[in-house]
Structures are given as C-alpha cells and as structure tokens.
Amino acid sequence: MNEAIAPTLERPRRFHFDWLLPALFRPRAAFSRIAQYAGDAWLTPLLVITAVELVRIFAVGAIRQARAAMGQVQL
C-alpha cells in the first residue's frame, strides 16, 4: 500500500527519423527542438547522408558504365 512509484526512465532514442521532414519544411522550429535535445542527435543525419551518397555513387557508376559500353566515353 505504501509503495513508491519509480519514475519511468526513458532511454534516449538513437535515431530520430521523425525530425527529417520538419527540418526541411519548418527548420527554425525543428532545429530549436534539436538544440534542446539532451542526447546525441548526430547519428541520424550522418546515416541519411551516407545512404544518399551510396545511392548517388551507384547511380553515377551505372550511368558511366552504360556510356562506356556504348562507346561514348573511354574508361
């Protein structure tokens, strides 16, 4: 009956993909919320940038390979 209720400790999330679209459409509000965040918020942008660059590299490589196969550009 006289039990103390322990506060729920919420572990900080590692990835915040829900911050991506607000950062594009309402950057002032999104970046102020990110600045107030106490945890590490650098992992999500780093992961997104890495994924976009990998997609770009594969696309450019496929285009260059196709152009070289048609004889337009020498490797």
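Keep in mind the model is a prediction, meaning the values are calculated, not measured.
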task = Determine, using the 4.5 Å side-chain heavy-atom cutoff (strictly less than), whether Val48 and Leu46 are members of one ILVMFWY cluster.
result = yes
Residue from Thr44, Asp40, Ile34 passing side-chain contact (heavy atoms from CB on, under 4.5 Å) with His16 = Thr44
query = Taking atom CH2 of Trp19 and atom CZ of Phe31, what is their separation to the nearest 0.5 Å?
reply = 10.5 Å
inquiry  = Check this for me: Phe17, atom CZ, are more than 12 non-hydrogen atoms of other residues, nucleotides or ligands nearer than 6.0 Å?
reply    = yes
Which atom of Ala29 lies closest to which atom of Ser32, heavy atoms considered = O-OG, 2.8 Å
key: Transitive ILVMFWY side-chain link Leu47 to Val52, under 4.5 Å   = yes
Hydrophobic cluster identity match, Leu20 and Phe25, side-chain contacts under 4.5 Å = no
